[in-house]
Amino acid sequence: MLAPSLIRDHPERIRRALSRRHDPGPLDDLLTLDVSRRELLQESQTLRQERNTINEAVKTAGRPTGDQRQRMRALAERLREVETKLSETEGLFNDLLLRVPNIPHETVPEGRDAAENVEVRRWGQAPAISCAPRPHWELGVSLGIVDFDRGAKLAGSRFYVLKGLGARLQRALIAFFLDRHVEQQGYTEMGLPYLIRSAAMQGSGKLPKFADDSYYLEQDDLWLNPTAEVPLTDLHRDEILDGALLPLRYTAYCPSWRREAGAAGRDTRGLIRVHQFHKVEMYAFTRPEDSYDEFQRMVGHAEELLQALGLHYRVLRLCTGDLGFAATDTYDLEVWLPAAMEFREISSVSNCEDFQARRASIRFRRAPGERLEFVHTLNGSGLPIDRTIAAILENGQQPDGSIVLPKVLQPYMGTEIIAPEN
RNA sequence: GGAGGGGUCGCCUAGUUGGUCUAUGGCGCCGACCUGGAAAGUCGGUAUGCCCGUGAGGGCAUCGUGGGUUCGAAUCCCACCCCCUCCGCCA
């Protein structure tokens, strides 16, 4: 959510910024509504002021005169009218306000869509595989560690079952990622509810965005997390944080559920696009002046994991047109998948500045007695388990169908290799 | 699922014969005094959001949320939300 005062005082600046996104949003309607909103507000305040004045007089006198009684009735009636209109107007205003996307950082490259994202750097190189690389779903099935048929039997398509070293690989990656974040990067590990209330979904600003794509339990009015970003944002909703404690850095393992409503026919095979995926998330609440340093650091933390796993990847900076609704700036990491001969998204790190904080009312005080300010929030995947498993299988495959595991995982796996007999 | 208790200013808390209650007191915090310095003590200050105004400043709202009664509601009525305790069930 943008600051209403910013929209009112600098409409052209906002208009220019949003046009960079190629998404004007309901800016003009918003400005019109703001004018009538303020007119109504002023009238209601004037009416109330008169009411308060009369009230004061009645208080001193002990009882109201007939004139006062009559005037108060008239005021009350008019107030009701004005305030009904006012709350309608404010309702519309707020609704529109929540639909205005965040303003891209001025350094974000101009572009219409994903095709214009900018490659920033690459790390490593594609592994030399001395056979025709097989896709991870074939490898997983023939090794007996991934079972799509039984996943479908249990829960339908886009669900899968892991077995033996496959299940252990999932557990190993969760532990490895969390250990790195906690031991080397200073994040605090969190264990979160997987179900969350509607209020929490709204507070984090995810509800409009993910409503159709999230699973909802009507009986209990609860949602399955579409991403750990939601509960992590909501952790401090309506709170005033101690400025001395910032930044707060959290990491959490949490399954993520998505209905993939608009993705029929895309990535129907394998672990790339499933309804229940698994992810270790990074999250930070910072002071405004620190968020871009934190941002670069967080991108580095995600990269460091891929480097530790020896996976070839590239870093893209999203262009203005591909930026998510809440983000001012985003880097995507894409990992190399040999079978498809392409890079696939494996992490996305965003700075949301005060967009989410404003919406969820997360503020801080620099020192006792100072004004309240909004924090900045950042989130990043570090990393998703499922896509990482896919990358490890494909990049580590040997001609005999076995998989050589990254060294860093071997202590967690108790083996250096996943061989067919598993 | 059954029964009961409760939601007030950063935190704790007073306040239900409706007006002088945005609202008590304590803690915390800020300032002054005191002190060689500090602690203690004393005194004063200390909510948030919005509107009008260049500014000084003025105004409105907020006692879980929404509605109602009334000239006037933290205080009365209705609905809803949330938290806690006990019982039941249970990993």
Side-chain angles (χ1 to χ4, degrees), chain A residues 1-11 30-98 191 193-204 207 216-223 231 234-246 248 285 287 354-355 357-375:
Chain A
M1 183 173 102
L2 300 178
S5 58
L6 187 68
I7 294 175
R8 178 160 69 235
D9 297 338
H10 306 284
L30 205 53
L31 289 167
T32 312
L33 275 173
D34 187 46
V35 172
S36 47
R37 183 185 129 247
R38 272 148 65 217
E39 280 168 3
L40 289 165
L41 183 62
Q42 278 175 48
E43 182 173 0
S44 87
Q45 288 193 1
T46 310
L47 292 169
R48 282 172 181 279
Q49 192 174 352
E50 183 179 353
R51 190 179 69 177
N52 290 347
T53 310
I54 296 178
N55 230 327
E56 203 63 30
V58 173
K59 227 173 358 186
T60 352
R63 59 168 55 188
T65 67
D67 280 355
Q68 284 172 328
R69 211 178 276 264
Q70 207 174 350
R71 180 62 189 150
M72 287 295 260
R73 283 226 177 87
L75 282 175
E77 195 181 330
R78 179 70 189 141
L79 248 182
R80 221 189 312 268
E81 286 172 30
V82 172
E83 296 201 326
T84 304
K85 258 190 272 177
L86 178 61
S87 69
E88 280 170 13
T89 308
E90 281 189 325
L92 278 172
F93 180 81
N94 291 332
D95 186 60
L96 289 187
L97 189 59
L98 294 179
Y194 297 168
L195 297 174
I196 48 185
R197 310 187 144 131
S198 288
M201 287 281 280
Q202 283 161 354
S204 65
L207 194 47
Y216 175 61
L217 305 174
E218 193 172 2
Q219 207 173 0
D220 300 287
D221 189 24
L222 289 169
W223 300 74
D234 232 64
L235 216 49
H236 293 300
R237 177 162 51 97
D238 293 324
E239 287 187 23
I240 294 167
L241 304 174
D242 179 354
L245 299 179
L246 296 177
L248 293 173
F285 298 86
R287 298 176 179 224
D354 67 2
F355 191 84
R358 200 173 278 285
R359 189 164 180 142
S361 187
I362 306 168
R363 296 173 294 178
F364 77 102
R365 225 186 272 281
R366 287 175 191 275
E370 299 265 330
R371 298 215 137 274
L372 289 172
E373 296 173 62
F374 289 106
V375 298

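Predicted, not measured: the structure shown is a model, and the values here were computed from it. In what follows, chains carry the letters A, B, and so on, assigned in the order in which the sequence lines appear, proteins first and then strands, with residues in each chain numbered from 1. Heavy-atom basis, side chains included; hydrogens, waters and symmetry copies ignored.
Taking the side chain as every heavy atom from C-beta outward, A:L30 and A:F93 approach each other to under 4.5 Å. Two residues are said to be in side-chain contact when any heavy atoms from C-beta on lie closer than 4.5 Å; A:D242 and A:R365 fail this criterion. Looking at heavy atoms from C-beta onward, A:I54 lies in side-chain contact with A:L75 at the 4.5 angstrom threshold. The closest side-chain heavy-atom distance from A:I362 to A:E239 is not below 4.5 Å.
Remark: RNA chain B forms stems of 3 or more consecutive Watson-Crick or G-U wobble pairs, all pair distances under 3.5 Å, at B:1-7 with B:81-87, B:10-12 with B:25-27, B:28-33 with B:41-46, B:47-52 with B:57-62, B:64-68 with B:76-80.
A straight line from CD1 of A:I240 to P of B:rA47 spans 12 Å, rounded to a whole angstrom. The CG-C1' distance, from A:D242 to B:rC29, rounds to 12 Å in whole Å. One interatomic measurement links the two molecules: CD1 of A:I362 to C1' of B:rG10, which rounds to 17 Å at whole-angstrom precision. If you take CG of A:D238 and C1' of B:rC9, they are 16 Å apart, rounded to a whole angstrom. Summarising the geometry, the separation between CG on A:L372 and P on B:rC9 is reported as 15 Å, rounded to the nearest angstrom.
Of the candidate nucleotides B:rC82, B:rU48, B:rC51, B:rU48 has the atom lying nearest to any side-chain atom of A:R363.
In this structure A:E81 satisfies the side-chain hydrogen bond (donor to acceptor under 3.5 Å, both in side chains) test together with A:R78, sequence neighbours excluded.
Nucleic acid contact class of A:R365 (heavy atoms, under 4.0 Å, all strands): sugar-phosphate only. Residue-level contact check: A:L75 touches neither bases nor backbone, having no heavy atom under 4.0 Å from any strand.
Taking 4.0 Å as the cut-off between side-chain N and carboxylate O, A:E39 and A:K85 do not count as a salt-bridged pair.
Comparing the P positions of B:rA47 and B:rG10 gives an interatomic distance of 9 Å, to the nearest angstrom. Taking the P atoms as reference points, B:rG66 lies 14 Å from B:rA61, given to the whole Å. When the C1' atom is used for both B:rU20 and B:rA73, the distance is 15 Å, rounded to whole Å. B:rC12 and B:rU17: their C1' atoms are spaced 29 Å apart (whole Å).
Minimum heavy-atom separation, A:I196 to A:M201: CD1-SD, 3.7 Å. In plain terms, the two heavy atoms of A:Y216 and A:W223 that are nearest each other are CD1-CE2, 3.4 Å. Of all heavy-atom pairs spanning A:F285 and A:L246, the tightest one is O-CD2, 3.7 Å.
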- Query: Reading nucleotides 58-73 of chain B 5' to 3', which nucleotides get B (base under 4.0 Å from a protein heavy atom), which S (sugar-phosphate only), which -?
  - Reply: -BBS-------S-BS-
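Note on A:Q42: a side-chain N or O is less than 4.0 Å away from OP1 or OP2 of B:rC52.
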